[in-house]
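What follows is a set of notes on a single structure, which appears directly below.
What you see below is based on every heavy atom in this structure, not just the backbone, and it leaves out hydrogens, waters and symmetry mates. Remember, predicted model here, so these are calculated numbers, not experimental data.
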Amino acid sequence: MSFPLLTVTAAVPAVGAILTAAVPAARRTAAKWLALLFSLATLALAVLVAVRFEPGGDRYQLTESRSWIADFGVRYELGVDGIGVVLIALTALLIPFVIAAGWHDADPLETEAANSSFAAGSRWRPTQGFFALILLVEAMVIISFEATDVFLFYIFFEAMLIPMYFLIGGFGDRAHSGSDENAAAQRSYAAVKFLLYNLVGGLIMLAAVIGLYVVAGNFSLQEITAARAAGTLDMATNTERLLFLGFFFAFAVKAPLWPLHTWLPNAMGEATAPVAVLITAVVDKVGTFAMLRFCLGLFPEASKWATPVILVLALISIVYGALVAVGQRDIKRLVAYASISHFGFIILGIFAMTSQGQSGATLYMVNHGLSTAALMLVAGFLISRRGSRLIADYGGVQKVAPVLAGTFLIGGLATLSLPGLAPFVSEFLVLVGTFARYPVVGIIATVGIVLAALYTLVLYQRTMTGPVKEEVRTMPDLRLREVLVVAPLIALLIGLGVYPKVLTDIVNPAVKHTMSDVKQTDPKPEVAVEAKNGEGAK
């Protein structure tokens, strides 16, 4: 039996969560370092997964398969394709930065006050529980990217909601304009809304999972897709469409896609900045990943049938999210609505049914994770100093904290997909891939680019430039720990913007398999060559 690398990669953060939670209450610093150590160990394993993966090899590699619930055909099956590999790497990469950025977010009030003169008051929160929950979410997300048994995927797809609920509701943002009671009520509302939306989606998906078993007789993604390709599994058209809708609804809630998006601004606004990054840069990617792996893989004909409606919803997400972001007064809610717009681009690329669109969508998942993490974490550092999330409470920050302002600008420019930064490549591929098959949709989607430039540059102008407000005059610049959090993210945004081939070489073979599942080929470009008077076109 070969070494179960995928199991170990998911198990290490789970073990780390248990050990971190068991650290005595007085040993808060030890709990933090233990959590960081386990997150770095998980990153090393994720790198090993990427190194051992062969882009030109089998579709699913490093596979593991063991009987689990034999009477119901449930198996413990894991395997990764190129899309899963890059998303596991993204998750493992971001968690150490999330932990380091939230180093003091769950400290008791006295410790917070000792570490920052700008810290706002908050109730006591158990440090060990905060970091243990982060590691637990990491474990569940990683195994979701690895699972090739539909039932196994469903279990962790739903289970990750529980630790996220406690992270949002129990460890909310300290920078709240209202009273402590009002802040607690807002956190509770955001956490319950997050849980209810996703639970409803999960319950609908559960019905579809059961229906899939009735039709296919098992839960194995590889067996079902192979049977579909061989023509030995005949699924009635209406049955396939209903099952597709059950899966897609759950993934669209998680993604989130308009009009199922309303939980995200509340959750990101009330959560701490690191937890907000965990939500949108890590957890939400499970939804778009599952659209590629399960919706297109299991229900190819239904996916094509639903494409026109999904493209319209994606367009609405792009334009609506960007328009609402322009009018936001709260920094974190602005980033949340910007993320809704970006997820619209990802879903647009997936259902454009072109290799450029799906490659761009996968790269967008990675690059959005990096850019949103950079912007949101710097915004969190800014908010913790001033004690306010309102844009109007800032001004002239670049004069007193130039490093903070500079990193904030780079994160913002990455969010608007400036050429030379990683998100530009993915957004360009999505638009090219969409335009090749749906030119009108591709043209309308470019409105999101213009609006992104507007909300990003206006945000920077109002917070960082202009006269220095009295409340920020003594604001300290980024500390060493904070620089160490942000600098690698910025380096990756620049590096992958200049040389995205390191990702495309891994992703493109997996995209070809997905295109084969839905029996689609890229449209051939129409090139008109005119000749006059017997002379060829120059």
Side-chain angles (χ1 to χ4, degrees), residues 68-69 72-78 83-84 87 137 140-165 192-225 228 235-236 238-264 267 279 282-303 305-307 309-310 313-314 343 346-347 350-351 517:
W68 184 17
I69 310 175
F72 295 97
V74 180
R75 297 186 62 82
Y76 177 80
E77 285 191 349
L78 305 180
I83 299 170
L87 291 176
V137 171
M140 293 178 176
V141 169
I142 288 176
I143 202 166
S144 296
F145 291 142
E146 297 173 345
T148 57
D149 182 277
V150 177
F151 190 79
L152 178 67
F153 169 83
Y154 172 78
I155 288 175
F156 289 99
F157 179 81
E158 285 293 275
M160 69 180 70
L161 301 179
I162 304 304
M164 286 305 307
Y165 168 80
V192 170
K193 189 173 183 179
F194 162 82
L195 187 63
L196 288 179
Y197 267 66
N198 284 274
L199 277 179
V200 169
L203 289 174
I204 293 175
M205 180 183 169
L206 177 60
V209 169
I210 295 171
L212 179 66
Y213 175 75
V214 172
V215 173
N218 64 80
F219 294 105
S220 174
L221 174 67
Q222 297 183 66
E223 291 183 16
I224 295 173
T225 53
R228 299 279 326 237
M235 195 179 297
N238 289 336
T239 300
E240 179 177 349
R241 290 176 179 179
L242 287 173
L243 295 178
F244 167 85
L245 291 174
F247 277 77
F248 180 80
F249 183 85
F251 303 152
V253 173
K254 184 89 74 179
L257 177 67
W258 184 93
L260 305 172
H261 67 285
T262 59
W263 62 268
L264 183 65
I279 295 169
V282 177
V283 172
D284 287 355
K285 298 300 187 300
V286 178
T288 47
F289 163 80
M291 291 179 188
L292 274 168
R293 173 169 282 190
F294 295 104
C295 286
L296 272 59
L298 294 172
F299 316 110
E301 296 304 321
S303 297
W305 162 75
T307 288
V309 174
I310 295 173
L313 295 178
F343 275 104
I346 294 172
I347 296 170
I350 292 172
F351 285 91
D517 287 340

Donor-acceptor pair, side chain of Tyr154 and main chain of Gly202, under 3.5 angstrom: yes

Check whether more than 12 heavy atoms from other residues, nucleotides or ligands sit under 6.0 Å from atom CZ of Phe151, and answer yes or no.
no

Correct closest heavy-atom pair for Gly246 and Ala208 would be CA-CB, 3.9 Å

Could you check whether any side-chain heavy atom of Thr262 comes within less than 4.5 Å of a side-chain heavy atom of Tyr197, counting everything from C-beta outward? yes

On a heavy-atom basis, the closest approach of Ser220 and Asp149 is N-OD2, 4.2 Å

* Asked: Would you say Leu161 and Glu158 make side-chain contact, with heavy atoms under 4.5 Å?
  -> yes

CZ of Phe299 to CG of Leu212, rounded to nearest 0.5 Å, is 5.0 Å

>> So Leu243 and Met235, do their side chains get closer than 4.5 Å, heavy atoms only?
In response: yes

Output for pair (Glu240 CD, Trp305 CH2), nearest 0.5 Å, gives 10.0 Å

Output for pair (Tyr165 OH, Asn198 CG), nearest 0.5 Å, gives 13.5 Å

* What about Phe219 and Phe153, are their ring centers closer than 6.0 Å? -> no

* To do: Using a 4.5 Å cut-off on heavy atoms from C-beta on, say whether the side chain of Glu77 contacts that of Leu152.
  => no

For a 4.5 angstrom cut-off between non-hydrogen side-chain atoms, does Val286 reach Val141? yes

Looking only at heavy atoms, the pair that brings Lys254 and Trp263 closest together is O-CZ2, 3.9 Å

Heavy-atom nearest pair, Pro256 first then Leu264, reads CG-CD2, 3.7 Å

To the nearest 0.5 Å, atom OG1 of Thr225 lies from atom CG of Leu298 at 7.5 Å

Closest non-hydrogen contact found for Phe156 with Ser144 is CB-OG, 3.7 Å

**Item:** Ion pair Glu223/Arg75, N-O distance below 4.0 Å
**Value:** no

Heavy-atom closest pair (Phe251 atom, Cys295 atom, distance to 0.1 Å) is CD1-SG, 3.6 Å

Next on the checklist: Quick one: does any side-chain atom of Arg293 pair with a main-chain N or O of Phe145 as donor and acceptor, under 3.5 Å?
Outcome noted: yes

Distance col, row Ile347:CD1 vs Ile310:CD1, nearest 0.5 angstrom, shows 8.5 Å

To the nearest 0.5 Å, atom CE of Met205 lies from atom CZ of Phe294 at 6.5 Å

Is a side-chain donor or acceptor of Thr288 paired with a backbone partner of Ala255 at a separation under 3.5 angstrom? no

Under 4.5 Å between any side-chain heavy atoms of Leu292 and Ile83, yes or no? yes

